[in-house]
Amino acid sequence: MKNPTDNQYTARLQITSAAGHSILKQILANYQGSVAIRLWDGKYAVGNADAPCTVVFNQPSVLRQLILRRNVVHLAADYLAQEVDIEGDAEHLFDLVSYMRDLVLPWTSKLHLMWLALKLPGHHREKSTRAIRAGHDERRNTKQSISHHYDVGNDFYSLWLDRKMVYSCAYFSSHDQLLDEAQNDKLDYICRKLRLTPGETLLDIGCGWGALVCWAAQHYGVKAHGITLSEQQAAYANERIRKEGLQDQVTVELLDYRNLPADARYDRVVSVGMFEHIGVANFPTYFNTIKRVLAPGGLFLNHGITNDTGWRDTPITRFINSYVFPDGELARIGDVVKAMERAGFEVIDVEGLRHHYALTLRCWVRALEANKARAVAIVGEPTYRAWRFYMSGSAYYFDVGSINVFQVLAGHDREPLTVGLRRDELYEKGCECQTASKNNILERSHQDMNKISIVDMKLHEKNLSLQAKYNITAYFYDILGYLWERKFRKFRSTLVGELRGKILEAGIGTGSNLEFYHEDVDLVGIELSKQMLRKAEKRIKNTKCKVRLIHEDATTMQSIESNQFDWIISTFMCCVMPDEIQNLAIEQFGRVLKQGGGFRILEIIHSKNTKIKRRQDFFSPLVEKIYGSRLDSNTLRHIEQSSNLKVTHTSFLKDDTYLLIEGIRV
C-alpha cells in the first residue's frame, strides 16, 4: 500500500508539471528558435532531445520567479546555483532571451500566466552564488574590481586561453584558423599598426599576462613596459619575462595608469581589452593621462569593446556587473572617438573586428567546456558556469552586432602624420614615413638589400624589425630558394618523394617541393615570409596531398605541439642561418618530431663548383657584415649538439655542393 505522503507528492508534482507546461506553451507559442525546454518532470515542454541547446528547469520555483519578475538575472543566478542547467551549445540560449525580451502579451494572458505561476512553489535559492558576486565598485576601475575578474586564477585561464594567455579578441585569417595562430596574428597586427621600430619605448596599459610586451620586444626590438592591477597577472608576466630572457627589454609592474610618473614618456602606447573597465565618466582622465605620457610624434592604439546603445541598466548588464565585470561599462564608438578628440588626439584609423571576437569567444567556450572537470576543481561550479554563460552570450551579441570591438589608432592633434597614405601601406608594408632605424647594423643591411635586384620581392612585412638578425637571413633564403629552385628539381624528388605520414616542411618557401609529395602525405608547411606563403598557396591546387600552411618562425614554432610529425623536411633553410639561430631551429625539430621519426635536410656547403661558389660569395660579405662571420657548413655539429636528433646518413649529391643529411629522433 502506498504511503499517503507519496500520493500527496505525486499530486503536487502533477499540478506543478501541468502548470509549468501550460505556462511555457502559452509564452512560446510563436517561438521558432532552436532551444528546447525540459521541466523537472523530465518531459519536454518545448522542442525535443535533438535540439542543439536545452534549458532544464530542475526546480518549479525557478519558472515561478521568471514569470512573476521576468528578470534574466534571476534565471542566470539560478543557472549558477545549478537549479537550471544548459545542455548543448549555450549560445543558442540567447536567441530565446531575445524572444522573451521582445514578447508582448495582452493583459488577459499576463493575468492567466501569473495565476498559473502562483501554483508553483516559492523560490528558495541557496546562497551558493553569493561568494562569486562582486561588491559595489561599479565603474571605479579599482584594484578590487579588477581582481574580482582577473585573479580568479592563472591555472583557470590557462585551460581555455591560447598558449600565450591572450585574453582579448584574436585576429583570424579564416574561420578554421587555430586560436594560437590567430592570437599571434593579432599581436603582430597591433605592432604593425603602431609602426614599432627597434629601440622605441612602448607602454601597454592593462598588459594582462605579458604576451604583447614580450612579442613587441622579441619581434620588433622595442623596450616595453606593461602595467596591470592584477597581482596574478603581474606575477605570471614577470616569470614569463625571466624565462624568455627579456629582462633587459621588458618590465611589468603592478600600477594604476592614473599613477604613472609625471615625467613618464613613451614613443608608443597601447591598451588592449582594458578599456571596458574605465567607465564613461573616467574617459577624460584616461585619455588625458595617455596624452600626457605619449611622446611627440607618438602613436596610441586603443583596442576596446563598444555597443550600440551605451551601458543601459538592463538585466544582462546587471548580471555582468554582478558576476563578471564589476566595473564593466561599454560606450558607443562615436562617444569613444569624441572623447579622444576632446583630449587632443587626432584619430587616424578606426577598424571594427566584431566577427573576430565572436570566433574568439567560441574558441574559448569550447575549450572551457572541454576542460569542465578541471575548471570546476580550480574555481568551483558557480564560477565555471558564470564564465560559460557570459562568454556564450557575448559570442551571440557580437554575432548579431549589438556589441563590437574597435581598434582606434591616434596621434597628437595637429602634428605631422607618421603613417602612410593608404591602408595597404598601413597594414602590409609598414610606415613609409618611419624614422631612421636606431640600429646601425640594420640600417646598413637595409641599404645593401636595396642593391640586390635579383628577383622582384618585397622585404618582409616587419621591415627588418622582427627578430632582427633572423629576418635578414630569411630574406636571403627567399632569394636563394628562387635562384636554385629549378636546379634542385631532381634532388627535391629524392628528398621528399617516397616519404609517408605527417610531415613538417620547415621553411617551405614558395612550395617548390609540393609536387613531389605523395598523396598520402599530411603536410604542414611553415614559412616566415608571408609573401613566400602566398606563392605557396597558389601551388597547393596542383598537389594531391593534404596541405596546411602556417606563417611561423622555425626557431619557435609556437603554434605546433610536440611529438606530431613522422618526418621533418628542410631545404636550404639552415644553410643561411648563423649558429645561434640554427641551434634554435634544430631544437624545435627535435621537439615536434615523433619518437622514432626522421628528418632530412638538404644543405648547401662551400662548393668546388665555381659557378655556385661565386653566387655564394656574392652573399657572404653581407652576411659577414651582419653576423661577423662567413657562411659555414656546421650543420652536422649543430644537429648533434643542439637537440635530441641523431644523424644517421649523409651524402654529397653533386660536386661537394649539396649535402643531404638524414637522421632520427633519439
Side-chain angles (χ1 to χ4, degrees), residues 35-42 49 51-66 69 71-94 96-97 121-135 144-161 165 167 230 232-233 315-326 328 360-396:
V35 178
I37 299 178
R38 190 170 72 241
L39 296 187
W40 48 90
D41 60 359
C53 176
T54 300
V55 178
V56 183
F57 287 88
N58 296 323
Q59 301 291 338
S61 58
V62 175
L63 185 56
R64 171 191 171 110
Q65 183 86 344
L66 185 62
R69 298 198 177 187
N71 190 331
V72 73
V73 172
H74 291 290
L75 180 61
D78 290 328
Y79 168 64
L80 303 189
Q82 303 181 58
E83 295 183 0
V84 171
D85 285 319
I86 303 172
E87 298 175 352
D89 187 348
E91 189 176 331
H92 288 270
L93 171 67
F94 294 88
L96 178 60
V97 171
H123 204 66
H124 300 288
R125 186 190 303 130
E126 296 180 1
K127 299 178 181 180
S128 59
T129 64
R130 291 184 181 178
I132 67 169
R133 284 181 65 94
Q144 291 73 25
S145 62
I146 296 299
S147 178
H148 174 83
H149 188 87
Y150 294 101
D151 287 341
V152 173
N154 294 338
D155 291 342
F156 171 67
Y157 282 104
S158 68
L159 294 177
W160 47 276
L161 293 179
M165 298 279 281
Y167 189 25
S230 166
Q232 293 196 28
Q233 285 185 337
I316 290 178
T317 61
R318 287 197 295 274
F319 171 80
I320 292 174
N321 287 142
S322 296
Y323 292 101
V324 187
F325 291 107
T360 305
L361 284 156
R362 286 167 186 150
C363 289
W364 289 344
V365 171
R366 286 196 297 269
L368 178 63
E369 291 174 340
N371 289 285
K372 177 182 177 180
R374 294 170 64 191
V376 171
I378 295 171
V379 298
E381 184 77 30
T383 297
Y384 163 80
R385 290 186 172 223
W387 257 249
R388 182 192 181 211
F389 186 82
Y390 157 70
M391 292 195 296
S392 297
S394 296
Y396 174 85

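Throughout, residue positions are numbered sequentially from 1 according to the sequence presented.
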> What's the shortest heavy-atom distance between Phe156 and Ala375, and which atoms?
CE1-CB, 4.0 Å
> Of all the heavy-atom pairs spanning Cys53 and Ala90, show the shortest one and how long it is.
SG-CA, 4.4 Å
> May I ask you to test the Val55-Arg38 pair for a side-chain heavy-atom distance under 4.5 Å?
no
> Looking at every non-hydrogen atom in both residues, tell me the closest pair between Ala395 and Glu91 and how far apart they are.
CB-OE1, 3.6 Å
> With a 4.5 Å limit on heavy-atom distance, are the side chains of Trp387 and Trp364 in contact?
no
> Do the ring centers of Phe94 and Phe389 come within less than 6.0 Å of each other?
yes
> Would you say that Leu93 contacts Ser392 through its side chain, given a criterion of any heavy-atom pair below 4.5 Å between the two side chains?
no
> I'd like to check Asp78 versus Leu66 (side-chain heavy atoms, cut-off strictly below 4.5 Å). Are they in contact?
no
> Does a side-chain heavy-atom distance below 4.5 Å link Phe57 with Asp41?
no
> Look only at the side chain of Arg388 and the backbone of Lys372, and say whether a donor-acceptor pair between them is shorter than 3.5 Å.
no
> Over all heavy atoms of both residues, which pair between Ser158 and Met165 is shortest? Give the atoms and the distance, please.
CA-SD, 3.6 Å
> As an exercise, state the distance from NE2 of His92 to CD1 of Ile86, rounded to the nearest 0.5 Å.
12.0 Å
> Could you tell me whether Asp85 and Arg385 have a side-chain N and a carboxylate O separated by less than 4.0 Å?
yes
> State which residues pass ring pair (Phe, Tyr, Trp, His ring centres under 6.0 Å) with Tyr384; sequence neighbours excluded, sorted by chain then number.
none
> Minimum heavy-atom separation for Asn58 and Val84, please, with both atom names.
ND2-N, 4.0 Å
> Tell me whether the rings of Trp160 and Tyr157 are parallel (<30°), tilted (30 to 60°) or perpendicular (>60°).
tilted
> Quick check for you: to the nearest 0.5 Å, what is the distance between Leu161 atom CG and Asn154 atom CG?
10.0 Å
> Nearest 0.5 Å, please: how far is CE in Met391 from CZ in Arg366?
11.5 Å
> Which atom pair, heavy atoms only, marks the closest approach of Ala386 to Leu80?
N-CD2, 3.3 Å
